[in-house]
Asks: 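Let me begin by handing over the structure; questions about it come next.
Quick note: numbers below take in every heavy atom, side chains included, and nothing from hydrogens, waters or symmetry partners. Bear in mind that the values here come from a model prediction, so they are computed numbers and not experimental data.
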Protein chains: 2
Amino acid sequence: MDDGFLHTCLFFTANRLGRAITKMAEEEFAPTGLTPMYGYLIRLVIGAPGISQKELAEKLSVTPSTLTRFVDKLEAKRLVERKVQGKTVLVYPTDKAKEMEETIRQASRSLKARYEAVLGVEAAQHLTKELEDSSISLEKH
Amino acid sequence: MDDGFLHTCLFFTANRLGRAITKMAEEEFAPTGLTPMYGYLIRLVIGAPGISQKELAEKLSVTPSTLTRFVDKLEAKRLVERKVQGKTVLVYPTDKAKEMEETIRQASRSLKARYEAVLGVEAAQHLTKELEDSSISLEKH
DNA sequence: GAAGTTATATTGTATGTACAAACAAAATTA
DNA sequence: TAATTTTGTTTGTACATACAATATAACTTC
């Protein structure tokens with residue numbers, strides 16, 4: 001059957017991998033009660049208390065509107081607090097978030113261990129680097 | 001700042017690339033009036049009239065419920081027709097869809113040309129293959 | 001052939017994400 | 001300093017996608 005175009009299309013294969021790894025990541029992050037993106041957002045906030053939403057959006061490569069929604073949810077769960085400073089919003093972790101940090105780190109480690117077991121440590125690292133480099137290039141165009 | 005974990009995480013980088021290439025793909029598919037996934041679905045249906053939804057879901061690596069939603073939309077646009085056969089549903093292209101085929105193919109070509117120009121032909125092909133191989137491995141676990 | 005099991009599709013609901021428009025504060029310019 | 005532009009954030013809306021539950025048809029087994 002003529003479905004070759006799917007296998008040679010970067011759009012299709014990139015999103016296919018995204019769905020597969022997201023599923024795995026959600027399973028590994030289940031013990032945290034958060035999805036992986038939220039876990040990473042919290043790690044960033046703990047690592048730099050008072051970081052602005054703009055910076056968070058850049059680091060996570062999501063749009064500002066998406067980041068607003070993320071912070072809304074984490075604030076509702078009492079995991080972060082906003083402090084408005086002029087036109088920017090600074091984000092701080094709560095004690096509750098700090099208590100979760102180790103659990104989140106553990107989930108990150110489990111996730112990595114799991115996909116490295118499937119793909120091979122070397123191959124996984126190489127692939128990750130290629131993905132990041134390609135993302136940077138594509139985001140510019 | 002301590003954000004290294006993002007750059008070494010396959011979950012994060014895969015989805016980051018997915019967002020970047022999806023944006024580009026949507027731009028290139030704009031002339032078709034469809035998003036890229038719908039365009040590819042139509043190509044599959046034209047290439048195999050009467051293909052079942054189950055097969056379509058497998059080829060596109062989406063869940064059956066997602067595929068139902070896709071076909072709902074294309075049916076509403078009079079681009080495909082359903083024919084129920086026992087417990088399976090067969091999908092056929094309409095004339096309207098067939099008339100669009102060349103436009104869709106052209107969008108696919110433009111997309112490929114565009115990201116190959118950014119990444120390099122060789123690198124893009126190699127990356128695509130790695131993504132597919134990795135997807136296949138991860139989908140099993 | 002009736003009862004139970006499996007396979008396919010659909011529906012209700014939820015989430016992540018984006019874009020465009022609106023808003024508010026800050027910086028620049030007149 | 002008033003007017004304009006830029007910057008950061010938020011809101012309304014929309015879409016792709018998934019999961020769990022349900023419906024329905026087909027297959028298996030007794």
Side-chain angles (χ1 to χ4, degrees), chain A residues 11-12 14-27 29-30 32-41 50-77 80-91 135 138-139, chain B residues 11-12 14-27 29-30 33-41 50-77 80-91 135 139:
Chain A
F11 157 77
F12 179 72
N15 282 296
R16 181 177 176 184
L17 181 69
R19 291 192 292 274
I21 189 77
T22 294
K23 189 171 181 184
M24 185 178 278
E26 284 172 353
E27 288 169 10
F29 272 72
T32 68
L34 299 169
T35 52
M37 274 296 258
Y38 290 93
Y40 288 170
L41 204 173
I51 188 173
S52 71
Q53 289 194 179
K54 178 174 170 31
E55 287 174 284
L56 285 169
E58 278 165 6
K59 284 190 192 296
L60 293 174
S61 284
V62 297
T63 61
S65 70
T66 297
L67 198 100
T68 291
R69 298 271 146 77
F70 286 178
V71 174
D72 286 349
K73 287 229 172 130
L74 290 179
E75 203 177 30
K77 292 189 178 195
V80 303
E81 282 169 2
R82 283 179 159 111
K83 194 170 292 182
V84 176
Q85 186 156 96
K87 71 186 167 191
T88 85
V89 175
L90 307 181
V91 185
S135 299
L138 290 179
E139 282 164 7
Chain B
F11 158 77
F12 179 71
N15 282 295
R16 181 178 176 185
L17 181 69
R19 290 192 292 276
I21 189 78
T22 294
K23 190 171 182 184
M24 184 179 279
E26 284 173 354
E27 289 169 9
F29 272 72
L34 299 169
T35 53
M37 273 297 258
Y38 289 92
Y40 287 170
L41 205 173
I51 189 172
S52 73
Q53 289 194 179
K54 178 173 169 35
E55 287 174 284
L56 285 169
E58 278 164 4
K59 283 190 190 297
L60 293 174
S61 285
V62 296
T63 60
S65 70
T66 297
L67 199 99
T68 292
R69 298 270 147 78
F70 286 177
V71 175
D72 286 348
K73 287 229 172 131
L74 290 180
E75 204 177 30
K77 292 188 177 195
V80 303
E81 281 168 3
R82 284 178 159 112
K83 194 170 292 182
V84 176
Q85 184 157 96
K87 69 186 166 191
T88 84
V89 175
L90 308 182
V91 184
S135 299
E139 281 163 6

Asks: Which residue pairs pass the salt bridge (Lys or Arg N to Asp or Glu O under 4.0 Å) test when at least one of the two sits in residues 62-71 of chain B, sequence neighbours left out?
Replies: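 Pairs touching residues 62-71 of chain B that pass the test: none.
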
Asks: Nearest-Å distance, CZ (R19(B)) to P (dA16(D))?
Replies: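 Between P of dA16(D) and CZ of R19(B): 17 Å.
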
Asks: Mind checking the CG-CZ spacing from L138(A) to R16(B)? Nearest 0.5 Å is all I need.
Replies: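 Rounded to the nearest 0.5 Å, the CG-CZ separation comes out at 10.0 Å.
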
Asks: Can you give the first and last nucleotides of DNA chain C, 5' to 3', that have an atom under 4.0 Å from a heavy atom of chain A?
Replies: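 Contacts span dG16(C) to dA26(C), reading 5' to 3'.
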
Asks: Reading nucleotides 9-15 of chain D from the 5' end, what letters show protein touch, with B for base, S for backbone sugar-phosphate only, - for no heavy atom under 4.0 Å?
Replies: BBBBB--

Asks: Please name the pair of heavy atoms, one in F12(B) and one in K59(A), separated by the smallest distance, quoted to 0.1 Å.
Replies: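 Scanning both residues, the minimum pair turns out to be CZ-O, 3.5 Å.
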
Asks: Of all heavy-atom pairs between R19(B) and M37(A), which one has the smallest distance, and what is that distance?
Replies: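 Closest approach of R19(B) to M37(A), heavy atoms only: NH2-CE, 4.2 Å.
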
Asks: Using salt bridge (Lys or Arg N to Asp or Glu O under 4.0 Å) as the criterion, list what pairs up with E26(A), not counting sequence neighbours.
Replies: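 Here no residue qualifies.
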
Asks: Students often mix this up, so state it plainly: with edges at 30° and 60°, are the rings of Y38(B) and F70(B) parallel, tilted or perpendicular?
Replies: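 Rings of Y38(B) and F70(B): tilted, 30 to 60°.
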
Asks: Holding to side-chain hydrogen bond (donor to acceptor under 3.5 Å, both in side chains), I want the full list of residues that pass it with T22(B), two or more places apart in sequence or in another chain.
Replies: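 Testing T22(B) for side-chain hydrogen bond (donor to acceptor under 3.5 Å, both in side chains), a comparison that skips the adjacent residues, returns N15(A).
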
Asks: How close do Q53(B) and L67(B) get, heavy atom to heavy atom, and via which atoms?
Replies: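 What the structure gives for the nearest pair is O-CD2, 3.3 Å.
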
Asks: Do E58(A) and K54(A) sit within salt-bridge range, that is, some charged N less than 4.0 Å from a carboxylate O?
Replies: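 Looking at K54(A) together with E58(A), the answer is yes, because their closest N to O distance falls below 4.0 Å.
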
Asks: Between the two ends of the helix from dG1(C)-dC30(D) to dA30(C)-dT1(D), what is the bend in degrees, rounded to 10 degrees, where each end axis spans five pairs?
Replies: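 End-to-end axis angle for the helix from dG1(C)-dC30(D) to dA30(C)-dT1(D): 10°, rounded to 10°.
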
Asks: On DNA chain C, nearest-nucleotide positions of M37(A) versus Q85(A): which is more 5'?
Replies: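 Nearest nucleotide further toward 5': that of M37(A).
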
Asks: Which atom names give the shortest non-hydrogen contact between F29(B) and G39(B), and what distance separates them?
Replies: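 Looking at all heavy atoms of both residues, the closest pair is CE2-CA, 4.3 Å.
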
